[in-house]
Amino acid sequence: MPDSAYGELLVDQAHADQLQAGYLGLAGLSPVTPAQARMLEDGRTVQAAFELDGPLDQNRLRVACQRLLDRHEILRSCFPEPRLRVVVAGVAVPWRTTYLTTSDRRVQRAELDGVLAGERTRGFDPDRPPLLRAHLLRFSPRRHTLVLSAHRAVADGESLPSVFAEVFLLYPDDVEISAIEVQES
């Protein structure tokens with residue numbers, strides 16, 4: 001990779017080689033925007049929770065989340081240095097599934113609240129891509145909630161609902177979907 005200027009950022013060959021060794025699948029470098037710099041400082045997490053009613057193929061939904069990650073380089077980005085954004089190809093979306101057997105809606109809501117709070121508390125390491133993860137709660141064969149969490153530097157509150165709703169364009173099925181919660185913390 002020859003010396004390359006990215007805005008105010010100059011990446012020489014030695015630095016590029018070091019990044020290439022540290023990030024398998026390195027797909028791009030760019031400077032951090034002023035807005036991203038502010039968001040990296042506060043380290044906040046943004047989330048969207050989607051209630052899904054109907055039969056659900058968990059594997060297809062996971063593939064749809066992966067396709068979302070593959071389509072948007074910002075979601076595959078990380079920030080190993082204060083002024084540098086690194087884009088990595090071939091990263092897998094972190095995925096968790098929680099199975100609940102109770103039909104009590106209050107217990108289900110308490111579990112969802114716990115997952116939302118836990119994902120916010122867990123945060124993200126800005127050095128390690130991706131800065132997006134998914135958690136599926138399965139309440140019954142026909143009732144689920146998908147929680148998508150991202151570092152605010154890659155999905156702000158304005159873009160979050162439309163980007164995350166794209167998952168369901170990638171997962172066409174007979175599932176009724178409603179956004180139940182979108183929040184920044």
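Values below: all heavy atoms of this structure, side chains included; hydrogens, waters and symmetry mates excluded. Sequence positions, counted from 1, serve as the residue numbers for this chain.
Shown here for P126 and C78, the closest heavy-atom pair between the two residues is O-CB, 3.2 Å. What you find for V93 and A134 is that their closest heavy atoms are CG2-N, 4.5 Å. Pairing each heavy atom of V167 with each of A64, the nearest pair is O-CB, 3.6 Å. Nearest heavy atoms, I74 versus R85: CD1-NH1, 3.6 Å. Summarising the geometry of H135 relative to T98, their closest heavy-atom pair is NE2-OG1, 2.6 Å, with the distance given to 0.1 Å. Closest of all the heavy-atom pairs between V32 and P82 is CG2-O, 3.7 Å.
In this structure the side chain of L100 never reaches within 4.5 angstrom of the side chain of V107, judged on heavy atoms. Residues L75 and L131 are not in side-chain contact: their nearest non-hydrogen atoms beyond the backbone lie 4.5 Å or more apart.
Enclosure of atom CZ in R67 is not indicated, since only 12 or fewer non-hydrogen atoms of other residues, nucleotides or ligands lie within 6.0 angstrom.
For the atom pair R128 CZ and Y23 OH, the distance stands at 5.0 Å (nearest 0.5 Å). Between Q108 atom CD and S140 atom OG the span is 7.5 Å, to the nearest 0.5 Å. Atom CD in Q36 sits 11.5 Å away from atom CZ in R152 (nearest 0.5 Å). Taking CD from Q47 and CZ from R133, the interatomic distance works out to 8.0 Å, rounded to the nearest 0.5 Å. Atoms CG and CZ, on L136 and F50 in that order, are 12.5 Å from each other to the nearest 0.5 Å. Between the CZ atom of F79 and the CE atom of M39 there is a distance of 10.0 Å, given to the nearest 0.5 Å.
There is a path of hydrophobic side-chain contacts, each under 4.5 Å, that joins V86 to V91. Under a hydrophobic clustering in which Ile, Leu, Val, Met, Phe, Trp and Tyr are joined whenever their side-chain heavy atoms come within less than 4.5 Å, directly or via other members, F168 and W95 fall into the same cluster.
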H72 and L132: CA distance, side-chain angles, deciding distance, side-chain contact (heavy atoms from CB on, under 4.5 Å) verdict: CA-CA 11 Å; H72 296 282; L132 165 77; over 6 Å; no
Verdict with supporting geometry, C65 and L148, side-chain contact (heavy atoms from CB on, under 4.5 Å): CA-CA 9 Å; C65 289; L148 296 171; 4.1 Å; yes
Worked verdict on L52 versus L61 for side-chain contact (heavy atoms from CB on, under 4.5 Å): CA-CA 11 Å; L52 313 172; L61 183 58; 4.0 Å; yes
Working for side-chain contact (heavy atoms from CB on, under 4.5 Å), residues E119 and T45: CA-CA 8 Å; E119 290 293 337; T45 298; 5.7 Å; no
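Under 4.0 Å is where a charged nitrogen must lie from a carboxylate oxygen, and between D113 and R109 at least one such pair does. Taking 4.0 Å as the cut-off between side-chain N and carboxylate O, E41 and R38 do not count as a salt-bridged pair.
Applying the salt bridge (Lys or Arg N to Asp or Glu O under 4.0 Å) definition to pairs two or more places apart or across chains, those involving residues 97-107 are D104-R106.
Checking side-chain atoms of E51 against main-chain N and O of L146 turns up no donor-acceptor pair under 3.5 Å. Proximity of a side-chain donor or acceptor of Y171 to a complementary backbone N or O of D57 within less than 3.5 Å is detected. A donor-acceptor pair is defined here as one N or O able to donate and one able to accept, closer than 3.5 Å; such a pair exists between the side chain of R76 and the backbone of V88.
The side chain to side chain contact (heavy atoms under 4.5 Å, CB included) check on Q18 picks up H15, with sequence neighbours excluded.
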